[in-house]
Amino acid sequence: TRTSRPQRILKAVQRKATVGDPQSVITAIDHFCRHREWAMNVGDEKGSILDSVVNEVSPVTVLELGTYCGYSTVRIARLLPPGACVITLEFNPDYAAIARQVIKWSGLEDKVQLVEGASGDWIPWMKEHFGVQAFDLVFLDHWKERYLPDTKLLEECGLIQKGTVLLADNVICPGTPDYLEYVRNSPHYNSQYYRSHLEYTKAEDGLEKSVFLGY
Ligand SMILES: O=C(NC/C=C/[C@H]1O[C@@H](n2cnc3c(NCCO)ncnc32)[C@H](O)[C@@H]1O)c1cc(-c2ccc(F)cc2)cc(O)c1O
Ligand SMILES: [Mg+2]
């Protein structure tokens, strides 16, 4: 097919959503992915859990790993107060280009810093380049085998401090066994599983919320 799925998702947003209305962007993507083409957005069911964690943490600085089309970026950014922001890392330039337009359509570009590049390359530069002290919330939704190494890298870089909340998508499907084992067995994290379903399906999936307790 001539266009990519992310391009078709963007078209659905431009057709169905209202500029400056983040909820209409979320609704347009969910409708398209439920009724036209499945895509790996966190979705509406797990998205509600994401919303509740964002509201509970009321973060000032958020890190998102894996922007894809920007669906969860918009979900997070729409809940942030003035002065708070989400830094989202995406290393596929085509996906990043689509996400920028989705974020722009939602009117949330002032609360989002989309960085085109790989998490492993950028995490070590977060403090210096973005003046980040530590993240209040990290949303992991990139390659599943990268959750654990990137969490360890964030720890090593001092970007996870007492009270930092990690929220990981897909801990059941596709699954992140090594990450789950780490956060559930580490004395430095208090972990809990939020049971849900794989986006737009009846399959089980869930989010794991892990609070860093300090060293
Ligand atoms: O695979 C899934 N997500 C991956 C996301 C990747 C996005 O993140 C970007 N990305 C990846 N690694 C990095 C990186 N750093 C690491 C490399 O250096 N640094 C920056 N950006 C990165 C990619 O470019 C994509 O934009 C998934 C699958 C299912 C699924 C379930 C059931 C099925 F049957 C099929 C699929 C459901 C889900 O919710 C899922 O999230
Ligand atoms: Mg996911």
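Predicted, not measured: the structure shown is a model, and the values here were computed from it. In listed order, ligands and their atoms are each counted from 1.
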Open item on the list: With respect to K144, determine whether any N or O atom, backbone or side chain, lies less than 3.5 Å from an N or O atom of ligand 1.
Closed with: yes
- [ ] Classify the ring geometry between H35 and H31 as parallel (under 30°), tilted (30 to 60°) or perpendicular (over 60°).
- [x] tilted
Open item on the list: Is atom 2 (C) of ligand 1 touching the protein, meaning some protein heavy atom lies under 4.0 Å away?
Closed with: yes
Open item on the list: Measuring from atom 20 (C) of ligand 1, which candidate in G117, C69, P149 has the nearest non-hydrogen atom?
Closed with: G117
Task: Donor-acceptor pair, side chain of K127 and main chain of Q133, under 3.5 angstrom - done: yes
TODO: Looking only at distances, please establish whether an N/O atom of ligand 1 is found under 3.5 Å from an N/O atom of T67.
DONE: no
Task: Rounded distance [0.5 Å steps], CD in E208 versus CD1 in I172 - done: 8.0 Å
Task: Residue pair S119 / L89: nearest heavy atoms and the distance that separates them - done: CA-CD1, 3.6 Å
Task: Proximal heteroatom of D169 relative to the Mg ion (ligand 2) (N/O/S) - done: OD2
Open item on the list: Distance under 4.0 Å to a non-hydrogen atom of D169: what atoms of ligand 1 satisfy this?
Closed with: 39 (O)
- [ ] Report yes or no: does T27 contribute a side-chain atom to a donor-acceptor pair with the main-chain N or O of Q23 at less than 3.5 Å?
- [x] yes
Task: Expected output: side-chain W105 to main-chain A17 donor-acceptor under 3.5 Å - done: yes
TODO: Starting from the Mg ion (ligand 2), look over the N/O/S atoms of D141 and name the nearest one.
DONE: OD1
Open item on the list: To check your reading of the model: name the closest protein heavy atom to atom 5 (C) of ligand 1, its residue, and the distance in Å.
Closed with: D141 O, 3.4 Å
Open item on the list: Give the atom numbers and elements of ligand 1 that come within less than 4.0 Å of a heavy atom of A118.
Closed with: 18 (O), 19 (N)
Open item on the list: What protein heavy atom lies closest to atom 4 (C) of ligand 1? Include the residue and the distance to one decimal.
Closed with: H142 O, 3.5 Å
TODO: Examine distances only and state if a side-chain atom of E45 and a backbone atom of H197 form a donor-acceptor pair shorter than 3.5 Å.
DONE: yes
TODO: May I ask you to list the atoms of ligand 1 that are less than 4.0 angstrom from any heavy atom of Y68?
DONE: 26 (O)
TODO: Mark up the atoms of ligand 1 that fall under 4.0 Å of a heavy atom belonging to S119, in ascending order.
DONE: 14 (C), 15 (N), 16 (C), 19 (N), 20 (C)
Open item on the list: With the threshold set strictly below 4.0 angstrom, can you tell me whether any protein non-hydrogen atom sits that near atom 34 (F) of ligand 1?
Closed with: no
Task: Backbone of G43 reached by a side-chain donor or acceptor of Y71 within 3.5 Å - done: yes
TODO: Salt-bridge test for D30 and R34: reply yes if a basic N is under 4.0 Å from a carboxylate O, no otherwise.
DONE: no
Open item on the list: So that I can check it, does any N, O or S atom in E199 come closer than 2.8 Å to the Mg ion (ligand 2)?
Closed with: no
Open item on the list: So, 4.0 Å and heavy atoms of P174: is ligand 1 close enough to count as a contact?
Closed with: yes
TODO: Using distance alone, decide if ligand 1 has a nitrogen or oxygen within less than 3.5 Å of any nitrogen or oxygen in N170.
DONE: yes
TODO: Number the atoms of ligand 1 from 1 as they appear, then name those within less than 4.0 Å of a heavy atom of N92, with their elements.
DONE: 24 (O)
TODO: Specify whether Y147 and H142 have parallel, tilted or perpendicular ring planes, treating 30° as the upper limit for parallel and 60° as the lower limit for perpendicular.
DONE: parallel
- [ ] Starting from atom 21 (N) of ligand 1, find the nearest protein heavy-atom neighbour and note its residue, name and distance.
- [x] F91 N, 3.3 Å
Open item on the list: Distance check below 2.8 Å: does N170 bring an N, O or S atom to the Mg ion (ligand 2)?
Closed with: yes
Open item on the list: Can you tell me which portion of Y95 lies within the under-4.0 Å heavy-atom range of ligand 1? Options are side chain, backbone, both, or neither.
Closed with: side chain
Open item on the list: With a cutoff of 4.0 Å, is W38 in contact with ligand 1, counting heavy atoms of the residue only?
Closed with: yes
Task: Polar side-chain atom of W38 near backbone of E199 as donor-acceptor pair, under 3.5 Å - done: yes
- [ ] Check step by step if salt bridge (Lys or Arg N to Asp or Glu O under 4.0 Å) holds for R100 and E90.
- [x] CA-CA 11 Å; R100 286 191 203 289; E90 174 53 57; over 6 Å; no
Open item on the list: Please state which option from E199, E145, E90 has its nearest heavy atom closest to atom 9 (C) of ligand 1.
Closed with: E90
- [ ] Say whether R146, considering both its backbone and side-chain N or O atoms, lies within less than 3.5 Å of an N or O atom on ligand 1.
- [x] no
TODO: Report the part of L198 in contact with ligand 1, treating N, CA, C, O as backbone and CB onward as side chain, heavy atoms under 4.0 Å; options are side chain, backbone, both, neither.
DONE: side chain
Open item on the list: Tell me if a side-chain donor or acceptor on R8 pairs with a main-chain N or O of T3 at a distance below 3.5 Å.
Closed with: yes
Open item on the list: Hydrophobic cluster membership, with links at side-chain heavy-atom distances under 4.5 Å among I/L/V/M/F/W/Y: are L137 and L166 in one?
Closed with: no
Task: Atoms in ligand 1 with a heavy atom of G66 nearer than 4.0 Å - done: 8 (O)
Task: Check: C173 main-chain N/O paired with D205 side-chain donor or acceptor under 3.5 Å - done: yes
